[in-house]
Amino acid sequence: QVQLVESGGGLVQAGGSVRLSCAASGRTFSRYAMGWFRQAPGKEREFVAGISWRGGTIYYADSVKGRLTISRDNTKNTVYLQMNSLKPEDTAVYFCVATQQSQPSRRPNDYDYWGQGTQVTVSS
């Protein structure tokens with residue numbers, strides 16, 4: 001069983017930066033691929049980024065490439081999402097996810113565990 005707790009969301013101006021953190025419980029955290037999804041009001045949940053258990057494989061959605069960076073620290077059981085050059089269309093609830101697979105996936109159904117989400121609002 002893995003529990004995920006996100007933090008770091010808030011209100012930021014367009015062009016600004018914010019870093020999201022996701023603290024995971026469980027001794028096998030380092031064996032899980034992790035990721036981030038987001039959901040904006042009235043829209044479907046969408047993939048943002050994913051990272052393999054060792055960090056050697058990373059995927060990004062095309063809409064965030066070059067602006068968002070996913071990373072993990074297995075010694076701290078934490079995964080991060082550094083968000084730079086933020087745009088109003090990045091406004092959403094961001095969810096941390098984990099899968100028992102070693103490689104990340106772009107499909108939400110492939111993830112076994114979800115956090116409660118943290119709100120990121122980008123003002124124009």
Side-chain angles (χ1 to χ4, degrees):
Q1 186 73 15
V2 174
Q3 291 186 328
L4 305 173
V5 179
E6 303 97 336
S7 61
L11 176 63
V12 61
Q13 289 187 333
S17 299
V18 67
R19 187 175 80 159
L20 305 183
S21 299
C22 173
S25 64
R27 291 177 291 180
T28 58
F29 168 81
S30 62
R31 297 184 181 181
Y32 287 70
M34 305 291 294
W36 292 90
F37 282 75
R38 67 185 181 186
Q39 187 166 21
K43 295 188 177 181
E44 293 186 354
R45 195 167 292 189
E46 65 172 351
F47 171 79
V48 175
I51 186 169
S52 60
W53 68 287
R54 285 184 173 180
T57 300
I58 292 177
Y59 299 146
Y60 292 104
D62 289 342
S63 59
V64 306
K65 280 182 181 177
R67 301 187 300 115
L68 275 58
T69 303
I70 188 172
S71 61
R72 66 188 297 163
D73 185 340
N74 290 342
T75 66
K76 297 181 179 180
N77 282 12
T78 301
V79 64
Y80 305 97
L81 186 66
Q82 178 66 43
M83 307 172 68
N84 298 329
S85 301
L86 284 164
K87 305 175 181 180
E89 50 264 44
D90 293 316
T91 295
V93 176
Y94 284 74
F95 297 91
C96 177
V97 295
T99 173
Q100 297 181 55
Q101 305 300 315
S102 61
Q103 298 298 310
S105 168
R106 299 175 185 271
R107 299 179 298 184
N109 289 344
D110 287 340
Y111 289 90
D112 305 295
Y113 304 101
W114 290 71
Q116 292 185 329
T118 185
Q119 176 72 45
V120 174
T121 302
V122 184
S123 63
S124 58

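Everything numeric here is computed off the predicted structure, so don't read it as measured data.
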Who passes side chain to side chain donor-acceptor pair (under 3.5 Å) against [X], sequence neighbours left out?
X	value
S7	none
S71	none
Q39	R45
S85	none

Going by salt bridge (Lys or Arg N to Asp or Glu O under 4.0 Å), name the residues that satisfy it together with [X], two or more places apart in sequence or in a different chain.
X	value
E46	R38
R67	D90
D110	R107

Atom pairs and distances, side-chain donor-acceptor, residues 54-62, under 3.5 Å, sequence neighbours left out:
residue: T57; atom: OG1; partner: Q103; partner atom: OE1; Å: 3.0
residue: Y60; atom: OH; partner: I70; partner atom: N; Å: 3.0
residue: D62; atom: OD1; partner: K65; partner atom: NZ; Å: 3.3

My understanding is that only residues two or more places apart in sequence, or in another chain, count here; which of them pass ring-ring contact (aromatic ring centres under 6.0 Å, His included) with Y111? F37

Pairs in or reaching into residues 94-103: which pass salt bridge (charged side-chain N to carboxylate O under 4.0 Å, His left out), with residues at least two apart or in two chains?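 Salt bridge (charged side-chain N to carboxylate O under 4.0 Å, His left out) check on residues 94-103 returns no pairs.
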
Can you pull out every salt bridge (charged side-chain N to carboxylate O under 4.0 Å, His left out) where at least one residue sits in residues 70-84? Sequence neighbours excluded, please.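 For residues 70-84, and leaving out neighbouring residues, there are no salt bridge (charged side-chain N to carboxylate O under 4.0 Å, His left out) pairs at all.
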
With the 4.5 Å side-chain cut-off for hydrophobic clustering, are V48 and Y113 part of the same group? yes

Could you list who else is in L11's hydrophobic cluster, with ILVMFWY side chains joined at under 4.5 Å, directly or through other members?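 None; L11 is a cluster of one.
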
